[in-house]
Amino acid sequence: MATELQGDHAPQTADEEVPLVGIGLQRAALGGVGFVVFIALWWAASLFQPAYVLPSPVAVAETFVAEAASGEMTTALGQSIQHWIPGTVIGTLLGVLAGIALAWSPLLDDLSAPVVRTLRPVPPLALIGFAIAWFGINNAGAAFIIGVGAFWINFYASYGGVEGVSDDLLDVARSLGVKNDLELIKAVVIPAASPEIMTGIRTGIGRCWMLVVASEIFGVPGIGRRIWRASNNLQVDGVIAYILVLSLMFLLVDSIFRAVQRRVLVWR
Amino acid sequence: MAVGDASGSTISVTGVSKQYDGEQGVVQALDDINFGVSPGEFVCLVGPSGCGKTTLFRILSGLESPTSGEVVLNDHVVTEPNDNMGIVFQEYHLFPWQTVAENVAFGLKKSRLPSNERAERVQHLIDLVGLDGFEDSYPKSLSGGMKQRVALARALAIDPALLLMDEPFGAVDAQTRESLQDELLDIWQETAKTILFVTHDVEEAVRLADRVVVMGKNPGSIREIIEVDLARPRSRADAAFGEYYEQVRELIHN
């Protein structure tokens, strides 16, 4: 005989479900206003400066459209993608795996701690010499710089996530028949740490876009190199236009990732 | 009312002691625990906080090992959690990333049941604990009482001979606790499982158990095992109930 639910009931669903559309529109409207004010201030300031100090938003927009129409922008994007994707993917993967492994195994953790602490503060930019020497001025070298950036963020996020998994949860899994470490990691640790891991991946993706510029500094073709070139020629409107391209790419990828994240973490 | 003889039981605890190093020297958490539980019995472990009942619980479930002595479950010495025992903890510990149905099915992943039978069993258990309709809900939208029901269904899914419960109703309010107690008794009578139930609540112990193992502290040990010879359902208002209650209470507070 099924037992009756007496008295207790599910709590009300979260407040976020209440006027979402209303709040969303309000936020978008306010954001729009803020953006317009920013452009207006920029334009006003640019009236009093030469173009190589602060070009007007109109000039930047014109350059942007010209670059897009001529296909230059697409070419640059295609070039940057060739090292952004492998760098981001490999750096993220290695960072997540290393973070999980070191947080899980006290032995590995103790063995690696001094080395980790020493290597951690090295900025990817400082590694450009190594990138050129080990890989050359090519996509592999640029991917390396980008990958290092992704690695550390994901390492610390995953490490923290795994560290925070409660022992009780592991005990429960053991009591339900999960025997060895690998099964536990797959069935409990990774899902339990997934919020932190996903946050790490998302932050890392942002960092990787920012590192595109640094990774191309010695001549690997792409958006970053165009920024350097424009900068050297005092074509500040070009600099800003291509920075905009980076921002838009970041926004695009970040939005997609956030949608994925919401789906995966629907249980939170 | 003697200290139990362990032969012929589903579970037998022999000479279990547990020591560990505390700040001020060796702490004797448990000292020479001996008792047995027969198939189909409902046994409660009662004692004040600090008497070692949670330590004993963890040893019984294989999550910790005793310093000396052993626990035998159906002729096998318990050294780690095994699928012959279902465990329910006080804080439920549901897997938050899984739905109610997925939580209940967790222990069945490695069973040799074909998937349709597995789904049937999961559904049956969800119905049994009264959570029909909540199969696809996540723990975040469940109340404390509902979560504990899921935990119970999850433990029962692997069809264990023994159900070990550590203060499972400690974290819910008094009203919910009483309904959960009744539901547990119904489930017990329907499934004929052996249940070992740890609690600090004397009234709960007398209400539920066939036998009450009364523990004391300093060191953690069994004071006495009392057989509660009352028909169920049991009422607090009943005079005989009151007598058992007083008897256990006195043992604890000495």
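Note on naming: letters A, B, ... go to the chains in the order of the sequence lines (proteins, then strands), and numbering restarts at 1 for each one.
Closest non-hydrogen pair, B/Leu94 versus A/Leu169, comes out as O-CD1, 3.8 Å.
Each of A/Ala187, A/Ser166, A/Gly177 has some count of heavy-atom pairs under 4.5 Å with chain B, and the biggest count is that of A/Ala187. Between chain A and the residues B/Gln175, B/Glu80, B/Arg154, the most heavy-atom pairs under 4.5 angstrom are made by B/Arg154. Ranked by heavy-atom pairs shorter than 4.5 Å toward chain B, the options A/Val178, A/Val264, A/Val266 are led by A/Val266. Annotation: maximal heavy-atom pairing with chain A below 4.5 Å, among B/Gln98, B/Lys109, B/His93, B/Glu91, occurs at B/His93. With respect to chain A, the highest number of heavy-atom pairs below 4.5 Å among B/Gly107, B/Pro96, B/Ser61 belongs to B/Pro96.
The 12-atom threshold is exceeded at CZ of A/Arg120, counting heavy atoms of other residues, nucleotides or ligands nearer than 6.0 Å. Counted within 6.0 Å of CD1 on A/Ile90, heavy atoms from surrounding residues, nucleotides or ligands total 12 or fewer; the atom is thus considered open. By the 6.0 Å contact criterion, CZ on B/Arg232 is enclosed, its count of non-hydrogen atoms from other residues, nucleotides or ligands being greater than 12.
Summarising the geometry, atom CG belonging to A/Leu176 is positioned 9.0 Å from atom CG belonging to B/Leu108; distances are rounded to the nearest 0.5 Å. Atom-to-atom distance recorded for A/Leu265:CG and B/Trp97:CH2 is 12.0 Å, nearest 0.5 angstrom. Here the CD1 atom belonging to B/Ile158 is positioned 6.5 Å from the OG atom belonging to A/Ser175, to the nearest 0.5 angstrom.
You'll find the side chain of B/Phe95 reaches within 4.5 Å of the side chain of A/Val188, heavy atoms only.
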